[in-house]
Amino acid sequence: MEFTRNNRQLLSKIATNDRHGENSPYFDGWKAYDSNPYHPTHNPHGVIQMGLAENQLCFDLIGKWILENPDASICTAEGVDKFKDIAIFQDYHALKDFREGVAKFMGRVGGNRVVFDPNRIVTSGGATGANETVMFCLADPGDAFLVPSPYYAGFARDLRWRTGLDIVPVDCKSSDNFRITRAALEEAYEKAQRSNINVKGVIIANPSNPLGTVLDKETMRSLVGFINDKNIHLVCDEIYAATTFSSPRFISIAEIIQDMDCNCDLIHIVYSLSKDMGFPGFRVGIVYSFNDDVMHCARKMSSFGLVSSQTQFLLAAMLNDEEFVGNFLRESSKRLAKRHRVFTTGLERVGISSLKSNAGLFFWMDMRPLLKEQTVEAELELWRVIINKVKLNVSPGSSFQCSEPGWFRVCFANMDDETVHVALERIREFVLQGKEEEKDVSLSHTSKHWRKQNLRLSFSSSRLYDESLMSPAHMISPHSSIPRSPLVRART
């Protein structure tokens, strides 16, 4: 013990602090999946991963393009003649064709209402690296950014861990569909001022992670007006831009400021191909700033996390193929819409609703009626049951700093159709058996076993039960891992 303590004293504050955010239910859910991953034949009772926002719905389109364009890879007979040119040292400005392809893709995703300058494209190691790079450019240790909540759980790592910055949540309410209001921004800003916190800007995700919603023009203009009045920065994380699958359309901040009288030096965009195209393993992150000094600084910093030239070479060919890009975006939108509809309507049949959404690789599930008490502790008890008994890794709202307990983020695009069916059946059985357990409690003493567990869910809401769902058409899948009497939420 003494040796360990002394050894830690030899390390840096970054190495020994807990600001990474890894010790949270968000990452604990991933660990539960990693230790017991679901497989339809090898491990049918394992945990289904619904906590990872990954887009796996269009890999057939990508595979087809690769087969038809073998010269796009330097590791094929058709592309090997380019191997030396790509493998040798590359300037950290990135390949010209790659920057042009990314700029065109960003424009197309936004409906070609904005022309992005390829010379402002700065590469980074994924959106994680891009967000951190922007923070290093804009603020110093001890400074803070306002972030509307609920917000992406990984922001604790991306924005704070190595930069020494702080996050000041801006509470948004379900009663207003979690809309970002000027009043909420002002309240958070003034609170920070009273605490002598130096606020350097606002960071938003549009489309929202975890809500799956897009910002409207009025809200975005209000945001720009707010940061312009305060003379602070606005960072827009737009990495889910192309996952919008129904109206209203996605609007980039770059479009908004075209017709506003504002200081564009305060506006910065973070982009990535991890979500829109499903390439998180390629680690393609983009910083696009309207501020020349930020752009130049970010480019120098990019040498610490460059995108490999081989990846750039492949993606340059793909992104500059306009026919492919158009077909990909249309088909991706259709498949995301279908998968979203299958999941949300399936849950509605057992009375579980979700926030109305039209973008992202997830939806915001409302489990508040299942909470015995409207507390974070009750939410986490329910989450543990879902992880350990229902065997689904969904992420609790408290991981996203949601001020209202009972919301959960559910990812739907990282699995095949059969796994979707299994996941839905597990949730249905959980809710329906829970309702039956509550009925049994009032009729007999068989509930003693569950009271010993000190766990109990509240199924008192009539929304959560529909007799028609007990028909044979809605019986549980043979792949379900749920025990006959699932543990349910905590009763203290």
Side-chain angles (χ1 to χ4, degrees), residues 21-38 45-53 149-154 156 174 178 209-212 343 347 350-355 362-412 414-415 422-435 437-438 450 453-461 464 480-483 485-492:
E22 184 179 21
N23 297 321
S24 73
Y26 177 76
F27 290 108
D28 286 345
W30 286 22
K31 295 169 187 174
Y33 167 77
D34 288 341
S35 65
N36 184 27
Y38 168 82
H45 304 307
V47 176
I48 295 177
Q49 175 63 290
M50 303 176 75
L52 177 61
S149 68
Y151 58 77
Y152 169 50
S174 63
F178 295 102
N209 177 7
L211 302 179
F343 250 116
L347 292 176
V350 288
I352 297 177
S353 63
S354 59
L355 183 72
F362 34 72
F363 57 90
W364 196 230
M365 180 171 65
D366 185 2
M367 301 285 273
R368 288 177 296 174
L370 273 67
L371 297 184
K372 173 82 166 44
E373 302 168 337
Q374 298 300 309
T375 64
V376 172
E377 291 76 15
E379 175 187 274
L380 293 178
E381 287 293 347
L382 173 57
W383 169 75
R384 292 186 188 100
V385 170
I386 296 173
I387 282 280
N388 297 323
K389 299 299 176 180
V390 189
K391 300 294 180 67
L392 300 176
N393 175 30
V394 297
S395 306
S398 53
S399 295
F400 303 90
Q401 301 301 312
C402 184
S403 60
E404 301 174 20
W407 294 90
F408 289 76
R409 192 190 73 168
V410 181
C411 299
F412 60 78
N414 62 334
M415 63 190 77
V422 175
L424 280 172
E425 291 299 336
R426 289 184 183 184
I427 296 173
R428 287 168 182 161
E429 188 183 63
F430 171 60
V431 173
L432 296 175
Q433 288 190 6
K435 186 67 177 181
E437 285 292 334
E438 184 150 291
W450 302 115
Q453 303 294 327
N454 197 33
L455 288 168
R456 181 102 185 273
L457 263 175
S458 172
F459 287 92
S460 58
S461 173
L464 295 175
S480 173
S481 67
I482 303 183
S485 299
L487 282 178
V488 284
R489 215 205 75 195
R491 170 172 289 172
T492 56

Colleague: Taking Asn414 for the side chain and Gln49 for the main chain, is one N or O donor matched with an acceptor at less than 3.5 Å?
Modeller: yes

Colleague: Would you compute the distance between atom CG of Asn36 and atom CD1 of Ile387 and round it to the nearest 0.5 angstrom?
Modeller: 10.5 Å

Colleague: Could you tell me whether the side chain of Ile386 reaches within less than 4.5 Å of the side chain of Met367, counting heavy atoms only?
Modeller: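 Result yes, sub-4.5 Å side-chain heavy-atom pair found.
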
Colleague: Minimum heavy-atom separation for Ala423 and Met50, please, with both atom names.
Modeller: CB-SD, 3.9 Å

Colleague: Please walk me through it: do Leu355 and Asp366 pass side chain to side chain contact (heavy atoms under 4.5 Å, CB included)?
Modeller: CA-CA 7 Å; Leu355 183 72; Asp366 185 2; over 6 Å; no

Colleague: Would you please indicate if the ring centroids of Trp407 and Phe363 are separated by under 6.0 Å?
Modeller: no

Colleague: Ignoring hydrogens and geometry, is there a side-chain-to-backbone donor-acceptor pair from Arg426 to Leu392 under 3.5 Å?
Modeller: no

Colleague: Could you please spell out the steps behind the side chain to side chain contact (heavy atoms under 4.5 Å, CB included) verdict for Val376 and Ser398?
Modeller: CA-CA 7 Å; Val376 172; Ser398 53; 3.9 Å; yes

Colleague: Quick one: does Asp28's side chain get under 4.5 Å of Lys31's, heavy atoms only?
Modeller: yes

Colleague: Can you give me the closest heavy-atom contact between Pro405 and Ser403, atom names plus distance?
Modeller: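 Heavy-atom minimum between the residues: CD-O, 3.7 Å.
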
Colleague: Checking Ser395 now: which residues fulfil side-chain hydrogen bond (donor to acceptor under 3.5 Å, both in side chains) with it, not counting sequence neighbours?
Modeller: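 Here no residue qualifies.
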
Colleague: Within the structure provided, determine whether Phe343 and Met365 are in side-chain contact (heavy-atom separation under 4.5 Å).
Modeller: no

Colleague: Any idea which heavy atoms bring Asn393 and Val47 closest together, and the distance?
Modeller: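 For Asn393 versus Val47, the nearest heavy atoms are N-CG1, 3.8 Å.
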
Colleague: So, do Phe178 and Pro150 sit near enough that their side-chain heavy atoms are less than 4.5 Å apart?
Modeller: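 SC-SC contact between Phe178 and Pro150 confirmed.
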
Colleague: Report yes if some heavy atom in the side chain of Pro25 is under 4.5 Å from a heavy atom in the side chain of Leu380; otherwise report no.
Modeller: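 Yes, at least one pair of side-chain atoms sits under 4.5 Å.
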
Colleague: Mind checking whether Leu382 and Phe408 have side chains closer than 4.5 Å, heavy atoms only?
Modeller: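 With C-beta onward as the side chain, the pair touches.
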
Colleague: Under 6.0 Å between the ring centres of Trp30 and Tyr33?
Modeller: no

Colleague: Ignoring hydrogens and angles, tell me if any N or O in the side chain of Thr375 forms a donor-acceptor pair with the backbone of Ala378 under 3.5 Å.
Modeller: yes

Colleague: Taking side chain as C-beta onward, heavy atoms only, is Val390 less than 4.5 Å from Glu429?
Modeller: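 No, their side chains stay 4.5 Å or more apart.
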
Colleague: Do Leu424 and Leu347 have side chains that get closer than 4.5 Å, going by heavy atoms?
Modeller: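 Sidechains of Leu347 and Leu424: in contact.
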
Colleague: With Phe400, which residues qualify under ring-ring contact (aromatic ring centres under 6.0 Å, His included), at least two apart?
Modeller: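 Per chain and number, Phe400 pairs via ring-ring contact (aromatic ring centres under 6.0 Å, His included) with Tyr26, Trp364.
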
Colleague: Show, in sequence, the C-alpha distance, side-chain angles and deciding distance for Tyr38 and Val422, and conclude whether the side chain to side chain contact (heavy atoms under 4.5 Å, CB included) test is met.
Modeller: CA-CA 10 Å; Tyr38 168 82; Val422 175; 3.5 Å; yes

Colleague: Taking all non-hydrogen atoms of both residues into account, name the closest pair between Phe362 and Leu211 and its distance.
Modeller: CE1-N, 4.4 Å

Colleague: Sort out for me which residue in Glu373, Glu404, Glu379 forms a salt bridge (Lys or Arg N to Asp or Glu O under 4.0 Å) with Arg368.
Modeller: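 Among Glu373, Glu404, Glu379, the one meeting salt bridge (Lys or Arg N to Asp or Glu O under 4.0 Å) with Arg368 is Glu404.
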
